[in-house]
Amino acid sequence: MSTSEKTPDFIRAIVAEETASNKWGGRVVTRYPPEPNGYLHIGHAKAICLDFGVAQEFGGQGHLRFDDTNPTKEETEFVESIKADIRWLGFDWGEHLYYASDYFEQLYLWAVELIRKGKAYVDDLSMDEIREHRGTLTAPGRDSPWRDRPVIDNLDLFARMRAGEFPDGAKTLRAKIDMAAGNVNLRDPVMYRIRHASHHRTGDAWCIYPLYDWAHGQSDSIERITHSLCTMEYEDHRPLYDWYLDALGIYHPRQIEFARLNVSHTVLSKRKLLQLVSEKIVAGWDDPRMPTLSGMRRRGYPPEAIRDFCDRIGVGKTQNLIELALLEHCVREDLNKRAPRGMAVLHPLKVVIENFPEGKVEEMEAVNNPEDATMGARKVPFARELWIEQDDFREDPPPKYFRLSPGVEVRLRYAYIIKCTGVVKNERGEVVEVHCTYDPATRGGTADRKVKGTIHWVSVQHARSAEVRLYDHLFLTLKPDESEDWKASVNPNSLERLMNCYVEPALANAAPGERFQFERTGYFCVDPDTAPGHLVFNRTVSLRDAWARLEKAETR
RNA sequence: UGCCUUGUGGCGCAACGGUAGCGCGUCUGAUUCUGAAUCAGAAGAUCGAGGUUCAAAUCCUCGCGGGGCAACCA
């Protein structure tokens, strides 16, 4: 609904315009082209939502194409995780699953064609020599001594490169463009390198592999992509993208670049993410603190919320830093209307209701989701001894504290109004038990007596114990990336494991992946570490907490 | 001292020569058996200087500032 009223971003505007002018014969075809060398993260989600979203909105088709041109870095494991993550996000490539490696033969033929046209040559320069000849950002490069090798020799040498006659790095195939170009990408870019390495899909069929620039545009062309959307760092590559297609005279898609996503309090570079995992700063790629899709899934972020987020951040060309708070807002908004409620006590404190008969149990009716009546209600057992949150009792309450304290009344959610009559302390003077009396006339729903506070609880004898993992920002700083020593700002308290929590019995059989709102504390998701007799919940995101703000403001 | 790109509230995105608007965040207040949600309201912006024009965020100059690019990575 919101999208229909929103003015389209510049990419959708271009697509709409070109659709209106029938530039592409009524087709809209996009592609998401990951390299299978790592896990997908929220930044990739932006690109995926854009690529598949645009195709969907214009009645076109989105392709998934693995850009697998570098056998030394890519693995099947990543292919599978990427497919799973994209499906989980909610997108479908239908029949259109492709691999750049499927096009190796065609690419080879086209390379031969460029050689014949005098637009490519075999170079004997070493990697270092090529770099040296390339010049610098401000100084032009120099031609390779092999640049004017006769076509016939180039043809012969290139065939022998493919045949495996030369060792790794001995020769390359280069496009003959302009060693003095201001755009460094145009200084005779390498098209093929020799790598005697086996590829995750083509095995040992090849020992020469195309580079990104040579593979990408031609793959787009083969698939008859209309709009090839990529991030800004490829902007300087567009002239080369266009050059190859024009030199070949084949179908020519339009490349459009947009700014990649940056999110506060985290890092989104594959290298850094890998470091977090390999240095065991986090538990793995799917650690709930990670900005990976697998991490967010485990944490309990719904795919709908992530898509909504990608929708709201927009698409532009300027450098951006999206506040994590926006993502959290999207998660809360989605979960608020869908997550069933439950009561759980994270930091337990025992309450004894002195005038409630020992051994007596009452069943209280609790609404499953006040936002959605169709989700029904459940029974919650109530007895003489209860667990409440330590934060919900203060022996010496500060001003505006609406919860339990000596002589003060609060409502127990869905149950009775109770009044604190006294406390029991241990030898260290800490309150270990709170004594109360209840008013039988105030049972859930009946009495309309006003009390300032309502707190949640769990019956001691019916409680199930659980482990709860609380997460905070992985980094303390807004832009950890900015610092050379980015790991210094890792939040030492980003994970807090509470081993001694109690949840209401209705939650006893929750299955991994199920999401709940624990009333007054936050949204939680059952972790796969859950085993029979051992419940584990991840806090997806806390509820907004006006009291915490107030208290924080007072302290300052 | 090359090439490409970009400057609108704290953050992100609109306004395409005609009253600068939206979302998040922040702050009030109402309401509430979740200090949640919801509702109402507030504060807060066009990088600078010149021009063109009745009128400029928008067009033109000149400054200043961000980002990217020199793998046989993608």
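Quick note on labels: first sequence line is chain A, next is B, and so on, each numbered from 1. In what follows, every heavy atom counts, from backbone to side chain, and hydrogens, waters and symmetry copies are set aside.
- Checked against ring-ring contact (aromatic ring centres under 6.0 Å, His included), A:Tyr103 has no partners two or more places apart in sequence or in another chain.
- Partners of A:Asp9 according to the side chain to side chain donor-acceptor pair (under 3.5 Å) rule, which considers only residues two or more places apart in sequence or in another chain, are A:Arg12.
- Listed by chain and residue number, A:Trp214 satisfy the ring-ring contact (aromatic ring centres under 6.0 Å, His included) test with A:Tyr244 (two or more places apart in sequence, or in another chain).
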Practice prompt. Using a 4.0 Å cut-off on protein heavy atoms (strictly under), produce a 5'-to-3' string for nucleotides 64-74 of chain B with B for base contact, S for backbone-only sugar-phosphate contact, and - for none.
Written response: ---SBBBSBSB

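- For A:Tyr212, the side chain to side chain contact (heavy atoms under 4.5 Å, CB included) criterion is met by A:Asp67, A:His216, A:Tyr234, not counting sequence neighbours.
- Within the structure, every pair that satisfies the salt bridge (charged side-chain N to carboxylate O under 4.0 Å, His left out) test and touches residues 211-220 of chain A, not counting sequence neighbours, is listed here: A:Arg65-A:Asp220.
- Partners of A:Arg394 by side chain to side chain contact (heavy atoms under 4.5 Å, CB included), not counting sequence neighbours, listed by chain and number: A:Pro397, A:Pro398, A:Tyr401, A:Glu551.
- Contacts of A:Glu132 classified as side chain to side chain contact (heavy atoms under 4.5 Å, CB included), with partners at least two apart in sequence or in another chain: A:Arg142.
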Worksheet entry | Where protein sits on nucleotides 35-44 of chain B, one letter per nucleotide: B base, S sugar-phosphate only, - none, heavy atoms under 4.0 Å | BSS-------

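- For the ring-ring contact (aromatic ring centres under 6.0 Å, His included) test, residues two or more places apart in sequence or in another chain that qualify with A:Phe78 are A:Tyr39.
- With a cut-off of 3.5 Å on both pairing distances, the Watson-Crick and G-U wobble pairs of RNA chain B assemble into stems of 3 or more at B:2-7 with B:64-69, B:10-13 with B:21-24, B:26-30 with B:38-42, B:47-51 with B:59-63.
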At a cut-off of 3.5 Å, list every protein nitrogen or oxygen paired with a nitrogen or oxygen from nucleotides 19-22 of chain B, distance to 0.1 Å.
none

